[in-house]
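What's counted below: heavy atoms across the whole structure, side chains too, no hydrogens, waters or symmetry copies.
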Amino acid sequence: MVHLIRTSLGVMALAAASFGLGEGAQAANGPFLPHQALYDLSLVKSRSNSVNSARGRILYNFTGNSCEGYTSEFRQVSELDSGEGKVTLSDLRSNSWEDAAGKSYRFKIETRMNEADAGRVDGSAERDGDHINVKLKLPEPKSFTLDGKIVFPTEQIQRIIAAAKDGKSLLELSVYDGSDDGQKVYNTLTVIGQPITADRTTSSDPSTSDEHMKSLKRWPVTVSYFDRDAQQKEGEQTPVYAMAFELYENGVSRQLVLDYNDFVISGAMGKFDVKDSKPCN
């Protein structure tokens, strides 16, 4: 099912949100926290009654520092039941690296649906003045340029944190993450809510009880993703999907909700492990 493949977009955005970012010119004041997180996926609601149940897991692993850049690895396995024995299983694996200044980005993505052959994307992007040079190895060799105002995933979250700390409630960015066939750019609208202070009681998970997190502020954030090409051609304003989460000031996120218009999936943090941080030399 097409919507389940599109989860790759949400996963990539969450990877940036979960793993923290570099300390470029527009970054919030670090440090950002290397860690591993496990999210359990479940169906919240189905607006079209086309989905009876959904389940799955996302596993994230983040390493790196502001000198070497940041590497994020994740795997998502999802099962979607649409009734009458129709079950779609998707398996997504992704590995990406982005330097702290948001100038270089490398990515490998593999998506498999049921027993079909895996779809693969492999490429890199380099910022050069007022444009970005993209080189793809897979799904087929191709080179093209993008507008230099476009940001990569970690810089996107970097700017969200900075905007939140500045008290802003709205942020518009165009984002390139290598998803789909490696040629897609998304326009995003981020809505940032009022800060949640550390002493405010909410539902708990492993992040809220961790000693690294107890004193930190966080914000409720909703990011809507729009197909930039569709907007330019048709004036389309309906988002492809929206994702909501609570974003800590150190880059960790919790309480994930992915809204695909006809159904909504939540991701509850089931495990959270802080990793040793390697200082810059």
Side-chain angles (χ1 to χ4, degrees), residues 5-27 30 32 34 58-76 90-112 117-160 173-188 223 225-229 240 243 251 278 280-281:
I5 292 180
R6 300 207 65 84
T7 302
S8 65
L9 302 173
V11 169
M12 294 191 74
L14 180 63
S18 295
F19 289 146
L21 315 159
E23 297 155 32
Q26 301 195 49
F32 293 93
I58 299 172
L59 177 64
Y60 288 93
N61 190 45
F62 165 77
T63 57
N65 57 43
S66 60
C67 298
E68 299 175 355
Y70 296 93
T71 297
S72 61
E73 300 173 300
F74 60 86
R75 184 179 182 186
Q76 174 181 337
S90 72
D91 188 346
L92 170 73
R93 304 176 192 220
S94 177
N95 184 301
S96 64
W97 174 88
E98 185 174 336
D99 77 330
K103 293 182 178 180
S104 299
Y105 178 56
R106 299 195 297 263
F107 52 91
K108 291 184 179 181
I109 306 166
E110 179 180 310
T111 307
R112 188 182 300 274
D117 291 339
R120 293 181 173 88
V121 181
D122 185 348
S124 63
E126 297 287 337
R127 193 177 301 279
D128 183 9
D130 62 354
H131 64 279
I132 296 170
N133 297 317
V134 179
K135 293 183 179 180
L136 296 179
K137 297 178 182 178
L138 295 172
E140 61 182 12
K142 186 170 186 176
S143 297
F144 55 93
T145 60
L146 298 173
D147 188 328
K149 294 179 181 179
I150 292 168
V151 302
F152 303 135
T154 51
E155 185 178 355
Q156 175 194 11
I157 304 299
Q158 198 171 44
R159 295 196 185 193
I160 292 174
L173 294 170
S174 294
V175 179
Y176 176 77
D177 63 10
S179 59
D180 287 339
D181 60 358
Q183 301 181 58
K184 186 77 72 175
V185 175
Y186 289 89
N187 289 340
T188 69
V223 186
Y225 284 74
F226 301 84
D227 186 329
R228 191 177 68 158
D229 293 336
V240 174
M243 59 180 301
K278 180 181 177 181
C280 288
N281 295 325

>> With rounding to the nearest 0.5 angstrom, report the OH to CG distance, Tyr186 to Asp227.
In response: 6.0 Å
> Between CZ of Phe226 and OG1 of Thr188, what distance do you get to the nearest 0.5 Å?
Replying inline: 9.0 Å
> Does the pair Ser96 and Phe152 meet the rule for a side-chain contact (heavy atoms from CB on, under 4.5 Å), with working shown?
Replying inline: CA-CA 11 Å; Ser96 64; Phe152 303 135; over 6 Å; no
>> Measuring from atom CD of Gln76 to atom CG of Leu59, what distance do you get when rounded to the nearest 0.5 angstrom?
In response: 11.0 Å
>> Looking at every heavy atom in both Arg106 and Ser124, which two are closest together, and how far apart are they?
In response: CG-CB, 4.0 Å
>> Please determine whether side-chain contact (heavy atoms from CB on, under 4.5 Å) holds for the pair Gln156 and Val223, giving the CA-CA distance in whole Å, both sets of side-chain angles, and the decisive distance to 0.1 Å.
In response: CA-CA 10 Å; Gln156 175 194 11; Val223 186; 3.8 Å; yes
> Quick one: salt bridge (charged side-chain N to carboxylate O under 4.0 Å, His left out) partners of Arg112, sequence neighbours excluded?
Replying inline: Glu110
> Considering residues at least two apart in sequence or located in another chain, which fulfil the side chain to side chain donor-acceptor pair (under 3.5 Å) criterion with Ser104?
Replying inline: Glu126
> Which heavy atom of Asn187 sits nearest a heavy atom of Ser174, and at what distance?
Replying inline: OD1-OG, 2.7 Å
Below 3.5 Å, can you tabulate the donor-acceptor pairs from side chains in residues 132-150 to any protein atom, sequence neighbours excluded?
residue : atom : partner : partner atom : Å
Asn133  : OD1  : His131  : NE2          : 3.4
Lys142  : NZ   : Gln183  : OE1          : 2.8
Asp147  : OD1  : Lys149  : N            : 2.9

> In Å and rounded to the nearest 0.5 Å, what is the OG to CD1 distance from Ser94 to Ile58?
Replying inline: 11.5 Å
> Of the non-hydrogen atoms in Tyr176 and Gly182, which two are nearest, and what is the gap between them?
Replying inline: OH-O, 2.5 Å
>> The criterion is side chain to side chain contact (heavy atoms under 4.5 Å, CB included); which residues satisfy it with Lys103, sequence neighbours excluded?
In response: Asp99, Ala101, Arg127
>> According to side chain to side chain donor-acceptor pair (under 3.5 Å), who are the partners of Asp91, at least two apart in sequence or on a separate chain?
In response: Arg75
> Less than 6.0 Å separating the ring centroids of Tyr105 and Phe107?
Replying inline: yes
>> Using the side chain to side chain donor-acceptor pair (under 3.5 Å) criterion, which residues pair with Asn95? Sequence neighbours excluded.
In response: Glu73
> CG/Asp177 to OG1/Thr154 distance, rounded to the nearest 0.5 angstrom?
Replying inline: 11.0 Å
> Closest approach of Glu68 and Trp97, non-hydrogen atoms and distance?
Replying inline: O-NE1, 3.0 Å
